[in-house]
S.K.: 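There's a structure below that I have some questions on.
Order of the sequence lines sets the chain letters (A, B, ...), proteins ahead of strands, with each chain counted from 1.
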Amino acid sequence: MPEGPEVESVRRELLQLINLVVEKIAFTPLSQKYTKYQGKEEKFSQFTNQKLRNVHRFNKFLVWEFDKAPVILNHLGMTGSWTMISSLEELSSKTTHPKVIVEMRTPPHAIFDDSRNFGQFRLFSSIEAVKQYPPIKKVGIDGLAEDFPLGEFIDRLAEQRFQNRQIGDLLMDPRLVAGIGNIYKAEILFEAKIHPERTVSTLSTEETTLLGKSISKILLKAFYDKGSSFDARYKLPSGESGGAQRWHKVYQRIDQPCDKCGSLIEKIIQKNRSTYYCPTCQD
DNA sequence: CCGCTGGCCTGCGAGC
DNA sequence: TGCTCGCAGGCCAGCG
């Protein structure tokens, strides 16, 4: 379940592909079951002979940049993953639902695998054009910034448009902070000792300050552990798993005792999302 | 512009 | 053991 820390971890490994020349970007027979992938191979044929220049991240989107325009906007969705292989013969053994094959002149090659098919591949004329794409243009603070702008976070949270939102819902809204998904939303609120259903306008200065610090702390800690792989579906392009699931305090720990106070962790449904919290530590 | 809802998808595990 | 069914949560089109 790729959130910001997972996507950034994937990006760091994909940087190994920089300066390799594309032989072909191919779409597998499986991908052709889905309309969103039909006709893509022709549009992506222009990348043959192009050298990969960079892989960027905006929120949870990856952007593949080549010598020449256009650029590829790629989202992992829920189950999307990139796997690097040294020979195309490894494809069947190392992937289960391959959709896109980025074949290089020389290995490694990169396979996009996506069982639930929520992943995205779109073409944009330039990086600048990607930045005008509304889901990216509206993005607020990058929660993974090494030097998290706490003052800016407090100012943004004070904006009128956010005052009536519940904090558990708002943390998932990239217009405030980018990179938080359902797992780290819960872990951040536990760290900040704030109940997920609290309305933003009721938060004290101390609470908003601690919340900002908790966002940065949890996301960076998760990134240093290369993300959460608790269900074994999320893997890095190298095949390595993440380790952040080892320190989850509330996510998917319903009815288990809180590490801090022993109360049983509870789950509520908030905006159609499971939200885990400690009823004693968070109020 | 805003916020909310339902759709896209398949694998897995709980419960019968 | 085998079946059904609900859940998992990323974005986003469409609606009011």
S.K.: Can you check the A/Tyr184 OH to C/dA8 P distance for me, whole Å?
M.R.: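 The answer, rounded to whole Å, is 18 Å.
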
S.K.: Between A/Ser274 and C/dC7, is there a contact of a side-chain N or O with OP1 or OP2 at under 4.0 Å?
M.R.: no

S.K.: Give the rounded distance in Å between these two atoms: NZ of A/Lys99 and P of B/dC8.
M.R.: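 Checked: the NZ to P distance equals 15 Å.
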
S.K.: Do A/Leu17 and A/Trp64 have side chains that approach each other closer than 4.5 Å (heavy atoms only, starting at C-beta)?
M.R.: yes

S.K.: Between atom CZ in A/Arg116 and atom P in B/dC12, what is the gap in whole Å?
M.R.: 12 Å

S.K.: Please round to the nearest 0.5 Å and tell me the distance separating atom CD of A/Gln256 and atom SG of A/Cys278.
M.R.: 12.5 Å

S.K.: In Å, rounded to the nearest 0.5 Å, how long is the span from CZ of A/Arg105 to OG1 of A/Thr48?
M.R.: 8.0 Å

S.K.: Between protein and nucleotides 10-16 of chain C, map the contacts as a letter string: B base, S sugar-phosphate only, - none, heavy atoms under 4.0 Å, written 5' to 3'.
M.R.: BBS----

S.K.: Relative to the ring of A/Phe121, is the ring of A/Phe112 parallel (under 30°), tilted (30 to 60°) or perpendicular (over 60°)?
M.R.: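 Taking A/Phe121 first and then A/Phe112, their aromatic rings stand perpendicular (interplane angle over 60°).
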
S.K.: Tell me the stems DNA chain C sits in, counting at least three consecutive Watson-Crick or G-U wobble pairs, each under 3.5 Å on both distances.
M.R.: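 Stems for DNA chain C, defined as runs of 3 or more consecutive pairs: B:2-8 with C:10-16, B:10-16 with C:2-8.
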
S.K.: Roughly how far, to the nearest 0.5 Å, is CG of A/Asp173 from NZ of A/Lys271?
M.R.: 9.0 Å

S.K.: Looking at every strand, decide which applies to A/Lys185 at a 4.0 Å heavy-atom threshold: base, sugar-phosphate, or nothing.
M.R.: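 Counting heavy atoms under 4.0 Å across all strands, no contact is made by A/Lys185.
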
S.K.: Check A/Leu189, A/Asp283, A/Ile194, A/Ile268 against A/Tyr277 for a side chain to side chain contact (heavy atoms under 4.5 Å, CB included) and give me the one that passes.
M.R.: A/Ile268

S.K.: Which residue is it: A/Glu187, A/His248, A/Arg246, A/Glu3? I am looking for the one with a side chain to side chain donor-acceptor pair (under 3.5 Å) to A/Ser228.
M.R.: A/His248

S.K.: How close do A/Ser274 and A/Ile269 get, counting heavy atoms only, and between which atoms?
M.R.: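 Smallest heavy-atom distance, with atoms named: OG-CD1, 3.9 Å.
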
S.K.: Do the ring planes of A/His56 and A/Phe58 sit parallel (below 30°), tilted (30 to 60°) or perpendicular (above 60°)?
M.R.: parallel

S.K.: What does the list of N/O pairs under 3.5 Å between the protein and nucleotides 1-3 of chain B look like, with a distance for each?
M.R.:
unit_1	atom_1	unit_2	atom_2	d
B/dG3	OP1	A/Arg161	O	3.4
B/dG3	OP2	A/Arg175	NH1	3.4
B/dG3	OP2	A/Arg175	NH2	3.2

S.K.: Taking all non-hydrogen atoms of both residues, which atom of A/Pro2 and which atom of A/Met78 are closest, and how far apart?
M.R.: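 Looking at all heavy atoms of both residues, the closest pair is CD-O, 3.2 Å.
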
S.K.: Does some side-chain heavy atom of A/Lys137 sit less than 4.5 Å from a side-chain heavy atom of A/Lys131?
M.R.: no

S.K.: Within this structure, what is the CG-to-C1' distance between A/Asn272 and B/dC4, rounded to whole angstrom?
M.R.: 10 Å

S.K.: Looking only at atom P, what distance separates C/dG6 and B/dG6, rounded to whole Å?
M.R.: 15 Å

